[in-house]
Peer 1: 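Here it is, the structure, as structure tokens.
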Amino acid sequence: MLHMPGYYEYCCRVKVVAGHDVLERIPEMLDRVQASRPMIVTDRGVAGAGLIDIVTKAMGDKVTIGGIEDDVPPDSSLEAVQRIAEAYRKNACDALIAVGGGSVLDTAKGANIMVSEETDDLLAFSGAGMLKHRLKPLIAIPTTAGTGSETTQAAVIKDHARHQKMIFVSYFLLPDAAVLDSRMTLTLPPAITAATAMDALTHAMEAYTCLAKNPLSDASAISAIELIAQHLMPVMKQPDHREGRLALAVAATLAGMSFSNAMVGMVHNIGHATGAVCGVPHGTCMAILLPYGLEYNLHRNGHLTAELLLPLEGADVYARTPRHQRAQRVIARVREMNQSLHDITQGQHPRCLREIYDRDGNAAVPFERLSDIAAAAKNDGAAIINPEDLDDEDYRMVLEHAWDGTPLDRTRIKTGS
Amino acid sequence: MLIPSNFEFECPVKTHCGDRALDHIPFELRAMDVAKPLLIGDEPAAREKRLIPVLNACRDAEMTLGVVEDIPHADPEDAVRQLAAIYRDKDCDAIVAVGQGPCIDMAKWLNLVVSTGQATLAPFVAGQTIPRAVKPLAVIPSAAADGNELSGYLRIGDATVTSVNLMPHLLFIDPRTAGQPSDVTMVETALIALTNGVETFFRENANPMTAIYARTAARLAADALNQLAGRGDRDDRLALTVAHAAALGGCAVGGGPLSHTHHLGHALAETGKIPVAQAMGIVLSYALEHRAISGVIDIDALLGLLGDGDRYALTPESQRSASALYLLRSLLNQLFDITDGQIRRTLQDSGLTLPELQDAAGQAAEKEGEGDPASHETILTHAWEGRPLR
């Protein structure tokens, strides 16, 4: 029998167009929404990697680009949103094309609110359900295969002047289309390919094993896990493998559909805190913490983790692994994946928190900061959906093991009632 | 899992399923900028008072609505004209439909009329594009469904139109409106859901996103059919499961092409000797087997759609397809026994004759455009006899 909660919701209204040459279809998509003068929003990394050139070349002369704003900061800011909205108006644009990751898309969403609502007061639209009308057309083109942000109905914009984070939630914030083209991730460096794929794997595994799961989020998660399991290592060995790249992009979107409808748990909870305290990339945190989250919750949801062995390792391994060992095998397999990624990237993909280094070669997560991370984790919302509670001591215990790269001592896990 | 080198996926439906799902209607409509929806129902929904919880939910949230308890029993063109007049007179801006097949078809058509101003279906049948910006449409189906309620498929008489833009935007499946139809009706609904799920999963250019709905619909339908066949305990939410399966099967079909089994089922039902759902249920396994033998599809995964991972993984790879087909056929045998023959095992059980099969094969091929009557005839002959193709 399928797992069936008493009540659930599932929605993914984004039109997904995927393939090896689908950027060429953007003019047709714009035409469908009666737009002809889009503004491209991106960041310097994406533009520097030549991806905007690929996008504009693919669109050819069928579309007049109203402007290219390529200076979105790593954390989407109100200042960037205002600048882009002003340029949009000045250049008489009628649609937005966001090329990049989560911050680029959030910035484009923020600018879209301002130009669609004809306002300079973005704050007035923050919160859930404050948008009441369809916004200007927005097309999302992800350039990593991990965040799944093209499937979410939220945007987070930072107002640095007021030290305030504005959160916007509305179905009208969903992009009109997500374009998954293998050319956008073909040149992604190995370490980023590894981290982002493990980020997507974490989305899928946490969505499947945490408390807000539902049958449709489960089906999305299973497909995502199967695709990542089949295609990540081949892509790592042959980075220009087009089919593999497309499969990973599709997997990331599937995982996004899954977690945006089922939420995530302690891996994200601790990962967010680690990122906030130490500035560590999100995907790296996810990769390291995923086996710990699965291991910590084992007494609560081991039967669900066990089910993941089928998409992760296939029918043969599943069949020959005794039922009571399947969950442990899933955890072991995730650790093996991290080890393989560490080897293939010659150490650039860290296996534990102490192996993460900043640009100057210093430890990015000093042991002394674990208490700060634990304190920050306590205040992160993702803990609500985790199957088992965590207190200060629990966070600290998990972090110490994740720092050192040793499996959890399960006798130290306090099992709640 | 294979990924097509190019594919598209779109499902505008937001699903709400389970306890008190209907209570979310006002919030969801308001989030789509709706002030006053028109609530329409059909005769069974009105008789079983399935509109009442919807009215209560809207009243509690202080949302006013127009109400047509039972859609007009007139010529469809007159009926949609009357409904459009009510919609406009009452200044409505969305449609909420409670009911099954024809009522939901009427709601989709009404939406076209009020959104585009086109009073007839003819321009759309002739190929006029259905715009994306139609009015919000919410659907509240029951366990007595034709499986297309949530799809982008609209059928009025002989006229059919298919577009993703015809799909409803909101789906509410609630124990209060799932109904309590007879076992035979629930079996028929579940058979259509199974067919839609399985056929979409294995259709040409299938993609992993459509598979989300296809896989879930097939699993829910299989769970329900097993219960109805007396395999294991009966869940007290069986009707909800059946309604759920049918709705998600419609989402899986979406705005895509209808399957061979669908066309064959409708052609067989034209004889008046077998309900369309039962025809589809019987034909499904033979159509899949034929396509597998022809090398068009690999149905190895079918066993996984019908049951849990253990059954799939523990069955040797070489036996998975045969085992899945056997499972489908044995399920029909068991349903035949438990319903005293009301659910047929084979086309022969329905009294269909071989010439009627030939006609149905031809009709289905014609509807499909590129269908092969000879292949269809082979499938129907085996489904008539209840004999595997190999």
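Since the structure is predicted, the reported quantities are computational estimates derived from the model, not experimental observations. Here is how names work: the chains are called A, B, and so on, in the same order as the sequence lines, proteins then strands, and each is numbered from 1.
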Peer 1: Select, from A/R25, A/M4, A/M130, A/R134, the one with the greatest count of heavy-atom pairs under 4.5 Å involving chain B.
Peer 2: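 Of the candidates given, the most pairs with chain B belong to A/R25.
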Peer 1: Does any backbone or side-chain atom of A/Y171 lie under 4.5 Å from a heavy atom of chain B? Answer side chain, backbone, both or neither.
Peer 2: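 For A/Y171, the contact with chain B is made by the side chain alone.
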Peer 1: Side chain, backbone, both or neither: which part of B/P131 has a non-hydrogen atom closer than 4.5 Å to chain A?
Peer 2: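 Looking at B/P131, nothing touches chain A.
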Peer 1: Between A/L174, A/D181, A/D176, who has the most heavy-atom pairs with chain B when the cutoff is under 4.5 Å?
Peer 2: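 That would be A/D176.
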Peer 1: By side-chain contact (heavy atoms from CB on, under 4.5 Å), which residues pair with B/Q227, not counting sequence neighbours?
Peer 2: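 Testing B/Q227 for side-chain contact (heavy atoms from CB on, under 4.5 Å), a comparison that skips the adjacent residues, returns A/M1, B/R234, B/D235, B/L238.
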Peer 1: Does A/D21 come within less than 4.0 Å of A/R242, counting only side-chain N to carboxylate O?
Peer 2: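 A salt bridge is absent here (no side-chain N lies under 4.0 Å from a carboxylate O).
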Peer 1: If you tally heavy-atom pairs under 4.5 Å against chain A, which of B/A31, B/A211, B/A133 wins?
Peer 2: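 It is B/A31.
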Peer 1: Run B/D310 and A/Y318 through side chain to side chain donor-acceptor pair (under 3.5 Å) and show every step you take.
Peer 2: CA-CA 8 Å; B/D310 274 32; A/Y318 183 90; 2.5 Å; yes
Peer 1: Which one of A/V22, A/L227, A/I222 has the most heavy-atom pairs closer than 4.5 Å to chain B?
Peer 2: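 Looking at each option in turn, the highest pair count goes to A/L227.
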Peer 1: Against chain A, label B/L240 side chain, backbone, both or neither, depending on which of its atoms sit under 4.5 Å from a heavy atom there.
Peer 2: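 Nothing of B/L240, per the 4.5 Å heavy-atom cut-off to chain A.
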Peer 1: Name the region of A/L216, side chain, backbone, both or neither, that has any atom closer than 4.5 Å to a heavy atom of chain B.
Peer 2: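 For A/L216, the contact with chain B is made by backbone and side chain together.
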Peer 1: Is there a side chain to side chain donor-acceptor pair (under 3.5 Å) between B/D174 and B/T177 once you walk through the steps?
Peer 2: CA-CA 5 Å; B/D174 189 302; B/T177 42; 4.8 Å; no
Peer 1: Counting only heavy atoms closer than 4.5 Å, note whether A/R320 contacts chain B via side chain, backbone, both or neither.
Peer 2: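 The answer is neither part of A/R320.
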Peer 1: Where does A/E307 contact chain B at under 4.5 Å (heavy atoms): side chain, backbone, both or neither?
Peer 2: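 Answer is neither: A/E307 stays 4.5 Å or more from chain B.
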Peer 1: Between chain B and each of A/S258, A/C11, A/A18, A/G19, count heavy-atom pairs under 4.5 Å; write down the option with the most.
Peer 2: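 Sorted descending by pairs with chain B, the first entry is A/A18.
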Peer 1: Do B/R320 and B/D300 sit within salt-bridge range, that is, some charged N less than 4.0 Å from a carboxylate O?
Peer 2: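 Salt bridge present between B/R320 and B/D300.
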Peer 1: Report which part of A/V33 has an atom under 4.5 Å of a heavy atom belonging to chain B: side chain, backbone, both, or neither.
Peer 2: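 Contact with chain B is through the side chain of A/V33 alone.
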Peer 1: Pick one of side chain, backbone, both or neither for B/H169, based on which atoms fall under 4.5 Å of a heavy atom in chain A.
Peer 2: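 Both backbone and side chain.
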Peer 1: Flag yes if more than 12 heavy atoms outside B/E317 fall under 6.0 Å of its CD atom; otherwise flag no.
Peer 2: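 No, not enclosed.
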Peer 1: What part of A/M257 gets closer than 4.5 Å to chain B, counting heavy atoms only: side chain, backbone, both or neither?
Peer 2: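 When you check distances to chain B, only side chain atoms of A/M257 fall under 4.5 Å.
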Peer 1: Below 4.5 Å, heavy-atom pairs only: which of A/L310, A/D218, A/T253 has the largest tally toward chain B?
Peer 2: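 Option with the greatest count: A/L310.
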Peer 1: Quick check for you: among B/M32, B/M209, B/H244, which has the greatest number of heavy-atom pairs under 4.5 Å with chain A?
Peer 2: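 The candidate making the most pairs under 4.5 Å is B/M209.
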Peer 1: Measuring heavy-atom distances to chain A, does B/F9 have an atom under 4.5 Å in its side chain, in its backbone, in both, or in neither?
Peer 2: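 When you check distances to chain A, atoms from both the backbone and side chain of B/F9 fall under 4.5 Å.
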Peer 1: Which word best sums up how the rings of B/Y213 and A/Y10 line up, parallel for under 30°, tilted for 30 to 60°, or perpendicular for over 60°?
Peer 2: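 Perpendicular.
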Peer 1: Does A/K132 make a cation-pi contact with A/F172 (under 6.0 Å, within 45 degrees of the axis)?
Peer 2: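 Output no; distance or angle outside limits.
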Peer 1: What orientation do A/H203 and A/F259 show, parallel under 30°, tilted 30 to 60°, or perpendicular over 60°?
Peer 2: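 Rings of A/H203 and A/F259: parallel, under 30°.
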Peer 1: Which bit of B/D308 comes within less than 4.5 Å of chain A, counting heavy atoms only: side chain, backbone, both or neither?
Peer 2: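 Contact with chain A is absent: no heavy atom of B/D308 under 4.5 Å.
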Peer 1: Under a 4.0 Å threshold between the charged nitrogen and the carboxylate oxygen, would A/E24 count as salt-bridged to A/R183?
Peer 2: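 Salt bridge between A/R183 and A/E24, a charged N being under 4.0 Å from a carboxylate O: yes.
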Peer 1: Are the side chain of A/R245 and the backbone N or O of A/L188 linked by a donor-acceptor pair below 3.5 Å?
Peer 2: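 Yes, the answer is positive, given that a donor and an acceptor are paired below the 3.5 Å cut-off.
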